[in-house]
2 protein chains.
Amino acid sequence: MSRQRAGLGTNQEAVRRHNLGTLLRHVHRAGHISRAELTSMMGLNRSTIAGLVAELESLGVTERALPVGARQGAGRPSAGVALADNGPYVIAVDLGVDRAAVARVGLGGVVQQRTEAPIDGGGGEAWQVGASVAALIRGVVEGAPAAAPLVGIGVSVPGLVRRSDGLIRLAPNLEWHDVSFGSIVLAALGLDIPVSIANDADLGALAEHQRGAGVGIDDLIYVSGNVGVGAGVITGGHRLQGAGGYAGELGHLRFNPQGRPCHCGNLGCWETEVGAHAIAEAIHCPADKVAQLGEVLGGFDKPTRELRATGTALGHGLASIVNAFNPRLVVLGGYFRSLFMLVGAEVNAGLADRALPAPLESVTLALPGLGEDSVLLGAAEIAFEPLFVDPVAALGNALVDVRSRLAG
Amino acid sequence: MSRQRAGLGTNQEAVRRHNLGTLLRHVHRAGHISRAELTSMMGLNRSTIAGLVAELESLGVTERALPVGARQGAGRPSAGVALADNGPYVIAVDLGVDRAAVARVGLGGVVQQRTEAPIDGGGGEAWQVGASVAALIRGVVEGAPAAAPLVGIGVSVPGLVRRSDGLIRLAPNLEWHDVSFGSIVLAALGLDIPVSIANDADLGALAEHQRGAGVGIDDLIYVSGNVGVGAGVITGGHRLQGAGGYAGELGHLRFNPQGRPCHCGNLGCWETEVGAHAIAEAIHCPADKVAQLGEVLGGFDKPTRELRATGTALGHGLASIVNAFNPRLVVLGGYFRSLFMLVGAEVNAGLADRALPAPLESVTLALPGLGEDSVLLGAAEIAFEPLFVDPVAALGNALVDVRSRLAG
DNA sequence: AGTAATTGTTGTTCGGAAGAACGAAAGGCG
DNA sequence: CGCCTTTCGTTCTTCCGAACAACAATTACT
């Protein structure tokens, strides 16, 4: 779950910090869990768990709950650990091509409040979008209890995000270059809290791994069809980020060097065959509907010949991906969801035809288990992350009574 | 450095185990290191380090050494921690297409003894190869001090290895399917010790990361030209294995669908353009020399036009890889080493032409820092791994006086 | 009702990291 | 050359927190 900083020893405080964070991670994952389960899962003593739970309760994060329902055999029922009302929450932002979604999300991945608004995709300046997003954030923060601490903001962006500082290097469909969106939003809000920014497909992968179609699966890929084609990779239970954070740009895998020109400057990238513009052209979809390609595809009840060919191309590209990453699961998000429901047979056939036998035999293609909210929940996850690394410190940095601060 | 099992808490013994293992890992990496450096790197107290070092000394793993040379400023010089003679060692096996190399490797990656012998690549049955390898192992074990404990055996294989049990699923150039090579070697030796088996490119990546061109670089790829084309990926400092352990099969990325047939059944895999057979054909190298393609290429002093085209194709393929994984370093091993020395300009140009700007700007192509021994040292690394996870337990399982056991 | 099984609670033990005090070994300086 | 400063090893003590033991609480089963 956690990857330690290399080479460090474990000192006394680190033990407590890690155990407290791990316990909270379990509660976050399960929502409602018994102390007995925590004891067996964490491999610690009953009394140790009791101490940790007591600390979380005194921090206002969890509260004692009734025993969790189904039991087997005799014995005293184990007390439940549940998430507190007025517990910590985060703001999740999903920046799409034509709209921004903002939600207040509590522990357990509970969407407490949600709004969205159209944004000016093409020529919209970043500060304008930032102002719109800030307004949406104000809206969802209004509804939060004053006592609840705000841990941070997580933002999903359809583009390349530098992991060292969250700078948006390139978001082709927003036409952004080197935008420090975190600073923009914080300035518009007048707040100073941690902002985590990441690529939309990466966050889709994270969310599907945590609470979607990929629960318990430590090697999965979320392939996102969202005008451009991107992917998020979870390997060994961790996000594959790469040196700069740009890993997963699978839309620009070489696919057909005799193919069409891609906006990246090359010929025949995979995206030129299975990207939104290519599909829109194949089904004679008007250009202004490309951003809603998922809905358009959902309107089909039978695949056309062109769509079947696209499905095969999708499968062929996935074969390269399966060979390279050997995932157990590939989740098809964005408009690929609708496409896969139409031409799943062709996709699977194309994959089976081109992948190596060994990696092929253990892989499954699946639809997202969280529907459209994958990415938003992923944004919430990265915002929560500091809380699981060091609960006490993260709560110390969190903001309480955000509403009045926003007013002032 | 170490990835904990997910969800577990840290109990008392785990702390000591982790600290002892981490300290030993540092000594293994540096070879000779001062206690003061260990104190600052691990973030623990002086007295704690002293206790850990004392335990390692009593285990016979390290011994007290003179202060490490260069110092700055005043103060008492810090005692050195050095590797003990008669310390633990492993057997590393590198199974090539036409020869097997076997070495006795001590902590610090010190090759203490090394042999190799030709093996019957094409039709050689696995048990025959296993017998040859066992004989080589007997040879290098002969030279070991009787008191030194043997921790395990690490084996590198040019093929797909299942990570759950080390089964060799497919080694095309050995013509092996589903071979349990570990059991075969152990049976031939009459011993029972841990055997770790992995793909050659994976181990090359590991070794270059640990002590080669990629020291300190947590995101790198080792691309191996070794008849077939494979790759090992280190991401976030850890091996990218995938669900079954087959990740990194980049030789079968789709490259040119109008291209030549590949032995995997598809058309135009990258391997059909930059694989050994393709290159051999391009330079009119006789078929029986393909296994020595590296040496053959080393004989060129000027690239031919065909080789320059191959270099460009290599660069184009690497562009897809750089887009997908965003490494900071790509190490070109096997015959790619010789090829890169000849046509490095074309490779770099091909890469720069096709990769996305963001991942491109931070990536470097490099030659292996360990030459031909990358893979062998990687095999030693995986054999040592249990020692760093739990030194006391691993030494408890290790064999002492192996020579007499082999005789009996 | 009685027993076995499981868990919460409380007080104690114990392992090991941290900290303080002191001596040892170097460099720098007059 | 002696003294001071700096840094480190050594030893002893402290302290944190996980483990453990004993007992009470709560269920299922007979």
Side-chain angles (χ1 to χ4, degrees), chain A residues 4 8-23 32-59 62-82 390-392, chain B residues 4 7-24 32-59 62-82 390-392:
Chain A
Q4 294 210 352
L8 244 68
T10 302
N11 56 17
Q12 276 185 325
E13 307 127 54
V15 174
R16 186 69 172 183
R17 205 185 317 145
H18 173 254
N19 285 345
L20 206 59
T22 304
L23 197 152
H32 184 104
I33 191 171
S34 77
R35 276 156 67 161
E37 287 176 279
L38 288 168
T39 301
S40 77
M41 284 192 301
M42 293 184 59
L44 301 180
N45 191 282
R46 277 214 301 274
S47 53
T48 307
I49 296 291
L52 292 167
V53 169
E55 183 161 355
L56 284 183
E57 283 173 8
S58 79
L59 287 169
T62 64
E63 42 187 38
R64 184 162 191 155
L66 292 177
V68 58
R71 280 190 39 76
Q72 68 286 18
R76 173 174 175 171
S78 185
V81 180
D390 188 345
V392 177
Chain B
Q4 295 209 351
L8 244 67
T10 302
N11 57 18
Q12 275 186 328
E13 306 126 52
V15 174
R16 186 70 173 185
R17 206 186 317 147
H18 174 254
N19 285 345
L20 207 59
T22 303
L23 198 151
L24 184 53
H32 184 103
I33 191 171
S34 76
R35 277 156 69 159
E37 287 176 279
L38 288 168
T39 302
S40 77
M41 284 193 301
M42 292 183 60
L44 301 180
N45 191 283
R46 275 215 305 270
S47 53
T48 306
I49 296 291
L52 292 168
V53 169
E55 183 162 354
L56 284 183
E57 284 173 7
S58 79
L59 287 170
T62 64
E63 42 188 39
R64 183 162 191 155
L66 292 176
V68 57
R71 280 191 37 75
Q72 67 286 17
R76 174 175 175 173
S78 185
V81 180
D390 188 346
V392 177

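The chains referred to below are lettered A, B, ... by the order of the sequence lines, with proteins before strands, and numbering in each begins at 1. Keep in mind it's a predicted model, so treat the numbers as computed, not measured.
- Contact annotation for B:R17: no contact, since no heavy-atom pair falls under 4.0 Å across all strands.
- Distance CG/B:L20 to CG/B:L59: 6.5 Å, rounded to 0.5 Å.
- Listed nucleotides D:dA28, D:dT5, D:dA19 differ in distance to B:A74; the shortest reach to its side chain belongs to D:dT5.
- Protein atom CG of A:N11 is 14 Å distant from nucleotide atom P of D:dC16, rounded to whole Å.
- The distance from atom CG of A:N19 to atom CG of A:L38, rounded to the nearest 0.5 Å, is 11.5 Å.
- A heavy-atom distance below 4.0 Å to DNA chain D is reached by these residues of residues 40-53 of chain B, ordered by number: B:R46, B:S47.
- Side chains of B:H18 and B:T10 form no contact here, defined as non-hydrogen atoms less than 4.5 Å apart.
- Atom CZ of B:R16 and atom OG1 of B:T48 lie 8.0 Å apart (nearest 0.5 Å).
- Put simply, B:N19 has a side-chain N or O that comes within less than 4.0 Å of OP1 or OP2 on C:dA17.
- B:G80 and B:H32 make their closest contact through CA-NE2, 4.4 Å (heavy atoms, listed as atom of the first residue, atom of the second, distance).
- With rounding to whole Å, A:E13 atom CD is found 13 Å from C:dG19 atom C1'.
- Here the straight-line distance linking atom CZ of B:R64 with atom CG of B:L56 works out to 14.0 Å at 0.5 Å rounding.
- The nearest whole Å value for the distance from the CG atom in A:L66 to the C1' atom in D:dT27 is 15 Å.
- Look at CZ on A:R35: it is 9 Å from C1' on C:dT7, rounded to the nearest Å.
- Annotation: side chain of A:L44 is in contact with side chain of A:L52 (closest heavy-atom distance under 4.5 Å).
- When rounded to the nearest whole Å, the span between CG of A:L23 and P of D:dG17 equals 15 Å.
- Listed nucleotides C:dA17, D:dT10, C:dA25 differ in distance to B:R64; the shortest reach to its side chain belongs to D:dT10.
- Annotation: of the two residues near DNA chain C, B:Q12 and A:A79, the 5′-most nearest-nucleotide partner is A:A79.
- Distances shorter than 4.0 Å separate some side-chain N or O of A:R16 from OP1 or OP2 on D:dA18.
- Distance B:R76 CZ to C:dG28 P: 18 Å, rounded to the nearest Å.
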